[in-house]
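Here is the structure we will look at.
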Amino acid sequence: MSKVIRIERHGGPEVMQCVDVEVGPPQAGEVQVRNHAIGVNYIDVYYRTGLYPQSLPGGLGLEGAGVVTAVGEGVTQLKAGDRVAYCSGGLGAYAELRNVSAAGLVKLPRGIDFETGAAMMLKGLTVQYLFRRTYKLQKGQTILFHAAAGGVGLIAMQWAKALGVTVIGTVGSPQKAELARRFGCEHTILYKEENVAERVREITGGAMGRVVYDSVGKDTFQASIDSLQPFGLLVSFGNASGPVPPVPLTALKGSLYVTRPSLFAHTANRANLDEMATDLFRMVGSGKVHIEIDQRYKLEEAVQAHRDLEARKTTGSSVLLP
Ligand code: NDP
């Protein structure tokens with residue numbers, strides 16, 4: 001038996017229920033993992049509310065770290081007892097025990113504990129592809145990064161600093177501004193109070209940002225466009241405030257570029273996943289990127305974890321502990 005979080009309908013955090021289920025043996029190509037820690041991500045909210053499609057009833061969660069307890073037919077690279085981490089392979093990570101596709105699993109290096117593994121895979125691989133694959137940032141460039149004190153945000157602040165990139169980060173409170181600065185953010189903007197594009201103009205002496213990373217969506221889209229230099233790139237990679245409404249192409253005046261990337265398009269290719277994970281483990285192993293876990297909840301407290309995340313009460317990563 002395994003404790004799992006299930007939803008039977010879409011809605012607020014209260015639709016999540018903690019139930020006991022029988023977990024069958026792993027199917028061909030699958031691995032059974034006993035999760036020691038589970039990552040909480042904003043994308044889990046999108047699946048719970050129905051913004052992203054999912055069949056019901058179903059599980060939630062994409063990210064975890066734990067120990068392999070059994071392998072299905074055809075799985076040769078992993079065996080019972082291996083320490084692993086994952087951030088794909090189907091919904092259902094909010095569970096003590098689960099079957100997950102082996103295609104998305106990587107072995108967790110000895111020096112990385114389970115909580116850190118669960119807190120860093122989805123968010124860290126996201127920063128990896130945003131900074132090294134979507135656009136290869138170069139030393140000396142200036143970027144604008146929204147929600148700088150969040151889970152993805154704090155990893156991004158440190159990674160950018162390690163690359164010699166100057167970050168202007170937006171945050172929802174002075175406390176978050178201080179935290180983002182501690183993690184390498186050079187300039188902070190309180191986007192509830194200040195005009196973002198005006199502040200970017202001031203900070204950059206009129207040069208504006210080379211790339212804007214926007215995971216807030218609806219509320220920040222226009223400010224993001226207005227903060228770019230000619231030929232600049234807007235990376236719209238999330239919708240914490242709601243999806244961006246359709247925009248006319250004429251909004252991209254100044255020869256701007258926009259992309260709407262997804263982590264899973266990158267990790268669907270095993271060679272890419274391995275390369276990205278190696279880079280992430282190197283950054284964390286070298287101490288250049290510290291994975292900050294500011295919230296820990298029991299698995300049964302998933303409802304509270306989502307309430308806190310949506311109320312903008314969290315900073316850094318959150319994990320559920322089975
Ligand atoms: P965060 O820890 O960053 O939490 C979201 C943050 O967004 C909040 O803390 C808050 O920070 C800010 N925010 C701004 N407006 C709102 C709002 N109206 N409601 C709630 N939050 C708001 O989450 P994650 O680190 O898990 O993810 C960050 C973003 O990156 C998400 O949008 C996620 O979907 C996206 N993402 C996209 C991926 C992709 O490949 N496309 C992969 C991984 C993540 P503040 O108070 O400072 O404003």
Side-chain angles (χ1 to χ4, degrees), residues 12-13 38-49 51-52 60-63 87-88 93 118-135 144-159 168-181 183 185 188-194 196 212-221 223-224 234-244 258-268 272-273 276 280 291-295 305-320:
I38 299 151
V40 178
N41 291 284
Y42 218 93
I43 192 172
D44 305 342
V45 172
Y46 307 146
Y47 278 111
R48 197 205 68 222
T49 59
L51 178 65
Y52 290 180
L60 275 183
L62 287 159
E63 182 179 37
C87 63
S88 55
M120 69 185 253
M121 285 299 289
L122 199 146
K123 300 172 186 77
L125 291 177
T126 296
V127 176
Q128 201 284 338
Y129 88 74
L130 289 175
F131 287 0
R132 308 319 290 147
R133 300 172 64 88
T134 296
Y135 177 85
L144 174 66
F145 201 104
H146 292 298
V152 173
L154 287 187
I155 297 173
M157 296 307 107
Q158 302 170 80
W159 204 312
I168 304 170
T170 63
V171 284
S173 70
Q175 293 76 9
K176 288 187 178 184
E178 200 197 313
L179 182 66
R181 281 199 294 272
F183 279 75
C185 183
T188 48
I189 300 176
L190 296 172
Y191 53 4
K192 287 181 190 165
E193 298 157 26
E194 301 180 279
V196 174
V212 174
Y213 294 94
D214 189 341
S215 66
V216 173
K218 181 170 67 67
D219 289 356
T220 44
F221 183 80
S224 296
L234 170 59
V235 182
S236 172
F237 71 104
N239 0 259
S241 68
V244 178
V258 178
T259 181
R260 209 309 178 183
S262 150
L263 169 64
F264 309 111
H266 291 275
T267 57
N272 287 350
L273 170 61
M276 292 163 68
L280 172 62
I291 305 299
E292 176 76 1
I293 304 173
D294 286 339
Q295 297 75 219
H306 277 218
R307 285 203 173 116
D308 291 347
L309 187 61
E310 288 179 88
R312 305 166 78 161
K313 284 186 183 161
T314 65
T315 51
S317 297
S318 304
V319 291
L320 302 176

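Atoms within a ligand are numbered from 1 in the order they appear, just like the ligands themselves. The chain is numbered in sequence order, starting from 1.
- The distance criterion of under 3.5 Å between nitrogen or oxygen atoms is not met by Thr126 with respect to ligand 1.
- In terms of polar-atom proximity, defined here as any N/O pair under 3.5 Å, Tyr129 does make such a contact with ligand 1.
- When non-hydrogen atoms are compared, ligand 1 lies under 4.0 Å from neither the backbone nor the side chain of Gln175.
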- Given the rule in the side chain to side chain contact (heavy atoms under 4.5 Å, CB included) test, do Phe264 and Leu122 qualify, once you have shown the distances and angles that lead to the verdict? CA-CA 10 Å; Phe264 309 111; Leu122 199 146; 4.2 Å; yes

- Evaluation steps, side chain to side chain contact (heavy atoms under 4.5 Å, CB included), between Asn41 and Leu62: CA-CA 8 Å; Asn41 291 284; Leu62 287 159; 5.6 Å; no

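- Where the criterion is an N or O separation shorter than 3.5 Å, residue side chain and backbone included, Pro261 meets it with respect to ligand 1.
- Ligand 1 has no N or O atom lying under 3.5 Å from any N or O atom of Gly150, backbone or side chain.
- Atom 41 (N) of ligand 1 has its nearest heavy-atom neighbour, among Tyr46, Phe237, Phe264, in Phe237.
- Distances from atom 48 (O) of ligand 1 to the heavy atoms of Tyr213, Tyr52, Tyr191 show the closest one on Tyr191.
- Classification of the Tyr129-His266 ring pair by plane angle, with boundaries at 30° and 60°, yields parallel.
- For ligand 1, the polar-atom distance check against Arg312 finds a nitrogen or oxygen pair separated by under 3.5 Å.
- Any N or O atom pair closer than 3.5 Å counts here, and Leu263 shares at least one such pair with ligand 1.
- Ring geometry, Tyr52 versus Tyr46: the interplanar angle falls from 30° to 60°, so the pair is classed tilted.
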